[in-house]
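Computed over heavy atoms, backbone and side chain alike; hydrogens, waters and symmetry mates excluded.
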Amino acid sequence: FQYNLTALQHTFDPFRTVAFPIRHSDKCYREDRGGGEMQCWSLQELDSLLYAVHDLKPTLNSLIFTSEDTAFVDSLIDEIRANPNYSA
């Protein structure tokens, strides 16, 4: 964590950053099992949203994800990294 914090201090610009709180896991209603508190976005829907936000504001250079479901965030990061429309 300290390494990431040190690297972040040199590149972080709050005016070029967007944060996304992501609800997922048991909080989501799913047709196959019901339950949940709300309908949640799929990986592909969030990837499309992020690309649209980036397209509207190309000066953004940082995304902050928060979620109770680390596996979903990890999957979203993999999806973003695999998308050739983003630069690393």
Heavy-atom pair with the smallest gap, counting every atom of [X] and [Y]:
X: T66; Y: P21; value: OG1-CA, 3.3 Å
X: W41; Y: F72; value: O-CZ, 3.7 Å
X: T17; Y: L60; value: N-CD2, 3.7 Å

Enter the distance from [X]:[atom1] to [Y]:[atom2] here, rounded to the nearest 0.5 Å.
X: L50; Y: F20; atom1: CG; atom2: CZ; answer: 4.5 Å
X: E79; Y: D74; atom1: CD; atom2: CG; answer: 13.0 Å
X: D55; Y: S48; atom1: CG; atom2: OG; answer: 11.5 Å
X: S75; Y: D69; atom1: OG; atom2: CG; answer: 8.0 Å

request  = Sequence neighbours left out, what passes side-chain contact (heavy atoms from CB on, under 4.5 Å) with S42? Give chain and number order.
outcome  =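 For S42 the side-chain contact (heavy atoms from CB on, under 4.5 Å) partners, ignoring immediate neighbours, are Q44, E45.
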